[in-house]
Amino acid sequence: DYSLCLLTNGPQAGALPKAEAVELQKQHMAHINRMWEAGALESAGPVAKLPGVRGVFVFKVPIPEAQRWAAKDPKVVAGD
């Protein structure tokens, strides 16, 4: 079973200072790598032309576990 997670704009989207946004993106990519290495993630990537949606995660773990992984993403935690 797979589940799709849409990464949408958070309350801080576009409001973070550039240096903070750059660092947050690095942390986000590191988190994606951790999910991949743990075997939780099948695919991930940006989304274009879908208003308010910035990316997707395709998980290959039970939904509660996928929700835990997504909630730990640094960009989610930061409200970006």
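For reference, positions follow the sequence shown, starting with 1.
Minimum heavy-atom separation, Leu41 to Trp36: O-CE3, 3.1 Å. Contact between Val53 and Thr8 at its shortest, heavy atoms only, is CG2-CG2, 4.1 Å. The two residues Ile63 and Ser3 make their nearest non-hydrogen contact at CG1-CB, 4.1 Å.
The number of heavy atoms from other shown groups lying within 6.0 Å of CG (Leu50) is above 12.
In this structure, the side chains of Phe59 and Glu65 stay at 4.5 Å or more apart for every pair of heavy atoms.
Within the structure, the salt bridge (Lys or Arg N to Asp or Glu O under 4.0 Å) test picks out no pair touching residues 6-15 (sequence neighbours left out). Within the structure, salt bridge (Lys or Arg N to Asp or Glu O under 4.0 Å) contacts touching residues 25-35 (residues at least two apart or in different chains) do not occur. For the salt bridge (Lys or Arg N to Asp or Glu O under 4.0 Å) condition, the pairs that include at least one residue of residues 36-48, sequence neighbours left out, are Glu42-Lys60.
In the hydrophobic cluster analysis, where Ile, Leu, Val, Met, Phe, Trp and Tyr join through side-chain heavy atoms closer than 4.5 angstrom, Val56 is grouped apart from Met29. By the criterion of side-chain heavy atoms lying less than 4.5 angstrom apart, applied directly or through intervening Ile, Leu, Val, Met, Phe, Trp or Tyr residues, Leu4 is grouped together with Val47 in one hydrophobic cluster.
Its side chain within the 4.5 Å cluster rule, Leu24 clusters with Leu16 among the Ile, Leu, Val, Met, Phe, Trp and Tyr residues.
For Glu20, there are no salt bridge (Lys or Arg N to Asp or Glu O under 4.0 Å) partners, not counting sequence neighbours.
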Counting only pairs under 3.5 Å, give me each side-chain donor-acceptor contact of residues 72-80, with atom names and distances, residues two or more places apart or in other chains.
from: Asp73; atom 1: OD1; to: His28; atom 2: ND1; distance (Å): 3.1
from: Asp73; atom 1: OD1; to: Lys75; atom 2: N; distance (Å): 2.8
from: Asp73; atom 1: OD2; to: His28; atom 2: ND1; distance (Å): 2.7
from: Lys75; atom 1: NZ; to: Gln25; atom 2: OE1; distance (Å): 3.3
from: Lys75; atom 1: NZ; to: Asp80; atom 2: OD2; distance (Å): 2.7
from: Asp80; atom 1: OD1; to: Arg54; atom 2: NH1; distance (Å): 3.4
from: Asp80; atom 1: OD2; to: Arg54; atom 2: NH2; distance (Å): 3.2

